[in-house]
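Order of appearance sets the numbers: ligands from 1, and atoms from 1 within every ligand.
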Amino acid sequence: MFINFRRIHKFQCVQLLTTGLILCMVMVCWEDLDHHVVSHVKSYTYRYLINSYDFLNSSFYVKSSRKYGSNSADGASLVEYPYLINHAGKCKSRDGKSWDDVLLLLFVKSPPENIEQRQAIRDTWGNESFGWSKLGVNVKLVFALGIHPDVWKRSKVQSALLQEDRVYHDLIQQNFVDTFHNLTAKLILQFQWSHKYCPQAHFLMSADDDIFIHMPNLVKYLQQLLSSQSRATDLWVGHVHRGSPPVRRKTSKYHVPYELYPWPSYPDYTAGAGYVVSGDVAAKLYQATLFLNPSVYIDDVFMGMCAKVMGVSPQEHVYFSGEGKAPYHPCIYDHMITSHGHASDVRSLWHAATDPTAYGSSRGFFGNLYCRAVRVMLLCLPYYQNTYSCMAAFT
Ligand SMILES: *[C@@H]1O[C@H](CO)[C@@H](O)[C@H](O)[C@H]1NC(C)=O
Ligand SMILES: *[C@@H]1O[C@H](CO)[C@@H](O)[C@H](O)[C@H]1NC(C)=O
Ligand SMILES: *[C@@H]1O[C@H](CO)[C@@H](O)[C@H](O)[C@H]1NC(C)=O
């Protein structure tokens, strides 16, 4: 390109130099930023240009089934922690026959001490009788737990759990320590359990205990999938992370060392806060857990690896949230499926979001127009906290 140097004034020269200097300083001094940017560029390049994850099968393959915690020489560990609390008949009727009409098996990952969150879920979006009587579908709710990490508190917490389970019959507990780094064990529990005790469920959902699920919207969406035949299989839907790089900063909760995962990019996965898989995908993922080494302790990533080796890819749904909390507005309630980061407000949000009179404003041509405008305001303007992408305003 031809540049007319006489046109660059002295003032512009100084400006250019200063900008360059500042950029250099940022690059040098702010190693973290540099690192972050570089690792994202590397991972996206890998994801979009090479996109081959063949190494998963060879590097994470475990030849024979093993027992958990057996600490075999190659560090691999598998098969099944013993159940401490279980409900083998959850998906069966009183006479012991399997229900073949379970629409959704809902797994909520909950640490043992979160009694109040579990109660709030039972009273709101996890209410099985609401599913039956208001939505006309069979939704089964169970909580997935390990044992309390603190040995001193363990027996007290455990007896509280047994007490809770005697009342509600919805806890599934295996004998592993319930910690962040054992979340992969919890993921495997879900696929093992559904394979063994509820293989007939049309869909399986995994959710955190601090999310909100708009059950009527979710059920409507799943029923539409079922009636469309083909789309009720080979389904894994949620908020998709594409081409994420492993975090190498040692201070991060999500730190993964090179020894564990040397490649620049993870296979695509959905945010673990809430996603849905169809029954056939749940069965495939279960198969994958039998031969993949579960050493990658970020459960969402492990799920992505299982799916990749089984040839399943995740689909984006704009109303599944990743980390963010949905804006409180009837025009959002109309569409939302999940929202993250709820605790004390679950009950009030449930009442507001499932109140049929709340939707009055979104009906008709002008109602639609109004809601579209509200959604653009709430989701597309940068000064609001974004949960759903701007695209969600236009669906
Ligand atoms: C669950 O839903 C049923 C049916 O709508 C309702 O009668 C019941 O009160 C709900 N349970 C709780 C704990 O809110
Ligand atoms: C996971 O659970 C197992 C079995 O209880 C335990 O031996 C192991 O230390 C736990 N791992 C972590 C990282 O907490
Ligand atoms: C990985 O191995 C499994 C089981 O051996 C096989 O079904 C799958 O197709 C393999 N995936 C790839 C990407 O090679």
When you check the gap from the basic side-chain N to the acidic O, do Glu128 and Lys90 get nearer than 4.0 Å? yes
For Asp170, is there an ion pair with Lys140 - N to carboxylate O distance below 4.0 angstrom? no
With heavy atoms under 4.0 Å as the rule, classify the contact between Asn127 and ligand 1 as side chain, backbone, both or neither. side chain
Determine whether the side chain, the backbone, both or neither of Lys134 has a heavy atom under 4.0 Å from any heavy atom of ligand 1. side chain
Suppose I only count heavy atoms of Ser133 and a 4.0 Å limit; which atoms of ligand 1 are within that range? 4 (C), 5 (O)
Under a side-chain separation threshold of 4.5 Å, the hydrophobic residues clustered together with Tyr48 are Tyr44
Side-chain hydrophobic cluster, 4.5 Å single linkage: members besides Val151: Trp152
Under 3.5 Å, N/O to N/O: give me all the pairs between ligand 2 and the protein, one per line with atom names and distance.
{"residue": "ligand 2", "atom": "2 (O)", "partner": "Val177", "partner atom": "N", "Å": "3.3"}
{"residue": "ligand 2", "atom": "2 (O)", "partner": "Asn182", "partner atom": "ND2", "Å": "2.3"}
{"residue": "ligand 2", "atom": "5 (O)", "partner": "Val177", "partner atom": "N", "Å": "3.1"}
{"residue": "ligand 2", "atom": "11 (N)", "partner": "Asn182", "partner atom": "OD1", "Å": "3.4"}
{"residue": "ligand 2", "atom": "11 (N)", "partner": "Asn182", "partner atom": "ND2", "Å": "3.1"}
{"residue": "ligand 2", "atom": "14 (O)", "partner": "Thr179", "partner atom": "OG1", "Å": "2.8"}

Can you see whether Phe394 has Arg372 sitting over its ring - NZ or CZ less than 6.0 Å from the centre and within 45° of the normal? no
Given side chain to side chain donor-acceptor pair (under 3.5 Å), test Tyr266 with Asp300 step by step and report yes or no. CA-CA 10 Å; Tyr266 290 136; Asp300 315 356; over 6 Å; no
Looking at residues at least two apart in the chain, or sitting in another chain, which of them share a side chain to side chain contact (heavy atoms under 4.5 Å, CB included) with Pro257? His255, Glu259, Leu260, Tyr297
